[in-house]
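For the numbers below, each heavy atom of this structure counts, side chains included, while hydrogens, waters and symmetry mates do not.
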Amino acid sequence: MAPGSYIALHTLVALTFVLTSVQLAKSLTLDVEDEDRFPVPNSEVRLTCSGHYDGILTFSGNPQTGGRVVWTKDRQRVAEWPKPAGTETPSKYELSAEPSSSMFFADLVIHSVDATDNGVYKCRLKRGQTVLGTSNEERLTVEQRPASQYPVCSVRTLENKRTFICESERGSPPVTLQWLKDGQPLGPSSEPEDDSGDFVQARLLVADGESSRGRFECSLTFRGQLSRSCFLDRPIVTIPITTSGLSIGEDLVIVCVTSGNPESTVDWNFRPNLHSSVRKEGHMLTIKNLSSSDNGTQIICEGHNAVGSNQASRVITLRPLETTVQPITVQLEQTEIPTSVDEQAQFKCIATPARFPAPLCVWQYNGHFVDSLNTTDRFLVEDRSEHVLSVSGVSTLDVGASVTCRIMVGYQPNAEVFLQASFPQTTKATIQITPKLGSSTSETWSLSTLMGYIIGGLMCLVLVGICCWVSLKAKTLLCAKQDTKNVRKNGTGANASCTNVNDDFVVDLGMPPEQIARPTRAAKVVDEEESVYQDLEDVSRQRQINEYQRLISNDWNPPVPVSSQR
């Protein structure tokens with residue numbers, strides 16, 4: 001019972017309530033709204049503590065003499081009003097009270113509740129160390145909805161009896177489970193018997209016979225509203241393959257598609273019996289080498305599970321021998337190639353020539369038939385104007401997967417491709433050496449190119465060394481040894497000489513200064529064979545000219561005799 005208004009106390013001032021006795025007429029009462037016992041996360045919850053008194057009681061900040069209200073959760077103190085000095089109250093708690101001459105009210109408001117606020121709450125009225133009254137307990141549990149995959153229906157054998165089981169997370173507040181058959185409730189709803197356990201079950205014992213046949217539904221109710229359901233039903237059976245227009249000698253492959261919960265098994269029957277060879281492989285039937293005796297044979301596929309059975313059938317119809325039909329060719333191509341993981345791959349199956357109505361197309365992925373009626377897996381089959389198969393969530397494990405399309409005509413032409421993807425591939429890094437050319441130009445060389453340049457450079461250095469050696473060797477051949485002099489005589493009586501001084505060469509023409517300064521016309525026409533330069537074949541003509549200019553200059557000095565040099 002909440003009062004009409006509340007006074008929030010934010011300070012520890014003394015507050016006196018005038019009551020008509022210090023004895024309790026009855027125990028304290030702790031109230032909480034029904035919807036607040038399972039509050040929605042981040043909502044607000046109010047707990048109200050109330051009681052009747054006769055007498056005078058003083059509420060103050062003195063914990064020894066004054067009255068006070070103590071709030072506990074799971075028997076642990078969490079708040080106290082008035083707040084004692086030196087204590088802290090959680091910021092999400094708001095304490096308040098309202099005075100009255102005959103009744104006492106105290107409130108605890110919890111803001112933004114979460115799972116940490118789950119627990120059992122109580123309030124106590126104390127004066128000093130004396131407990132004047134204790135309230136009842138109230139449990140708070142933050143709402144927790146069951147996961148979206150619940151409820152789950154299954155069939156099990158318990159104690160040699162077939163049992164339908166519906167299971168779900170317990171939830172907060174607890175869920176209720178109800179079994180129905182063909183829309184009619186079967187007994188009372190199932191609720192958790194105690195507070196233990198995280199899951200709740202609803203069990204239904206069924207006997208063999210017609211009573212176990214039908215559509216069973218288990219509905220889940222949370223907070224009074226029907227949330228979800230699961231079903232147990234006999235299978236739905238289809239044969240999505242035509243058996244008309246077949247030719248004698250052909251092979252026929254038939255697939256029986258079943259859906260429903262629980263899973264079903266398949267049986268094959270023939271009316272009348274087939275004369276051809278037959279191979280049964282679960283949901284697939286292969287008939288080898290059809291004969292004329294098989295014409296008109298009914299093929300029956302019966303699917304059955306723990307709830308019931310169902311069947312579908314086809315009749316073999318052979319084409320007359322005189323009838324000729326242009327055969328169908330099949331082309332399968334991948335129209336969408338995923339470039340990254342979890343993208344979609346798409347395939348298109350093209351039958352030529354086109355027929356109206358278009359024959360049925362059956363898809364296989366890695367040898368497993370794709371159920372075109374199943375919309376919960378990652379395969380999507382489109383057969384409106386074109387035969388298209390879409391595969392979602394492609395991963396690296398799907399690369400290279402076999403995809404086959406089969407056009408369901410008599411001879412059943414088919415085509416096969418392998419799933420392709422252009423995921424980024426990690427390649428092995430190659431060593432690149434980038435030499436710096438000049439100050440701003442660079443070029444990337446391979447290792448072999450660089451080795452070629454290195455070997456070529458070494459060969460150039462060897463050639464330069466040989467050339468330098470030959471040059472020095474030729475230079476040393478001009479004269480004999482250091483400080484030696486070679487002298488040659490010509491027909492004119494002049495003695496020409498070459499002296500090696502500190503690796504430099506001094507050439508003396510052996511002519512008086514007067515003749516050098518004033519050359520005669522006869523001297524200029526001396527035969528080249530009689531020239532002093534004829535004996536110095538290793539001296540270049542340019543050096544002869546330079547020496548001549550030096551000799552005729554004013555700085556000319558006569559040669560020093562060899563005897564004086566020594």
Side-chain angles (χ1 to χ4, degrees), residues 144-222 226-239 254-269 279-285 300-313 367-371 373-377:
Q144 181 181 359
R145 291 180 174 271
S148 59
Q149 68 264 28
Y150 294 103
V152 176
C153 295
S154 60
V155 180
R156 304 178 191 175
T157 301
L158 301 176
E159 298 179 356
N160 296 326
K161 296 181 180 179
R162 188 171 56 171
T163 306
F164 294 170
I165 296 179
C166 179
E167 187 175 33
S168 171
E169 289 182 338
R170 179 185 186 85
S172 174
V175 301
T176 58
L177 302 175
Q178 174 70 58
W179 276 107
L180 301 95
K181 179 183 179 183
D182 298 329
Q184 300 299 319
L186 296 176
S189 59
S190 175
E191 298 182 359
E193 299 178 356
D194 51 36
D195 296 336
S196 62
D198 297 329
F199 291 87
V200 59
Q201 284 186 351
R203 299 183 180 183
L204 181 64
L205 296 177
V206 292
D208 295 334
E210 292 299 325
S211 61
S212 64
R213 303 292 185 263
R215 181 180 175 84
F216 291 84
E217 176 185 359
C218 177
S219 61
L220 183 149
T221 302
F222 182 72
L226 179 62
S227 298
R228 294 176 293 273
S229 298
C230 63
F231 298 91
L232 293 176
D233 196 2
R234 61 181 183 175
I236 299 175
V237 183
T238 57
I239 300 178
I254 299 178
V255 178
C256 184
V257 180
T258 61
S259 61
N261 185 31
E263 294 183 358
S264 57
T265 57
V266 169
D267 289 333
W268 295 94
N269 296 298
R279 184 176 64 188
K280 303 177 182 179
E281 296 178 337
H283 288 67
M284 183 185 300
L285 175 70
I300 303 172
C301 172
E302 181 177 5
H304 48 83
N305 57 19
V307 183
S309 61
N310 223 331
Q311 65 180 23
S313 63
H368 300 281
F369 282 92
V370 177
D371 184 4
L373 302 178
N374 189 349
T375 59
T376 60
D377 56 15

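The closest side-chain heavy-atom distance from I254 to W268 is below 4.5 Å. Looking only at side-chain heavy atoms (C-beta outward), L186 and Q184 stay at 4.5 Å or farther from each other. Considering only heavy atoms from C-beta on, S309 comes within 4.5 Å of E302 through its side chain. The side-chain heavy atoms of C256 and V237, taken from C-beta on, include a pair separated by under 4.5 Å.
Remark: Q149 engages A147 in a side-chain contact (heavy atoms from CB on, under 4.5 Å) (not counting sequence neighbours). Here D371 pairs with nothing under the salt bridge (Lys or Arg N to Asp or Glu O under 4.0 Å) rule; sequence neighbours left out. Taking R203 as the reference, nothing meets the salt bridge (Lys or Arg N to Asp or Glu O under 4.0 Å) condition, with sequence neighbours excluded. Applying the side-chain contact (heavy atoms from CB on, under 4.5 Å) rule to V255 yields the partners I241, V257, F369; only residues at least two apart in sequence or on another chain are considered. Among residues two or more places apart in sequence or in another chain, the side-chain contact (heavy atoms from CB on, under 4.5 Å) test is passed with P262 by V155, L232, N305, A306, V307. Under the side-chain contact (heavy atoms from CB on, under 4.5 Å) criterion, T265 pairs with H304, not counting sequence neighbours.
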Audit row: C301, Q311, side-chain contact (heavy atoms from CB on, under 4.5 Å) steps and yes/no: CA-CA 5 Å; C301 172; Q311 65 180 23; over 6 Å; no
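Note: F216 and F231 fail the aromatic proximity criterion, with ring centroids not under 6.0 Å apart.
Side chains of S229 and S219: a donor-acceptor N/O pair is absent below 3.5 angstrom, by distance only.
Between C230 and C218, the SG-SG separation does not fall below 2.5 Å.
Between E217 and R215 there is no salt bridge, since none of the side-chain N atoms of the basic residue sits less than 4.0 Å from a carboxylate O of the acidic one.
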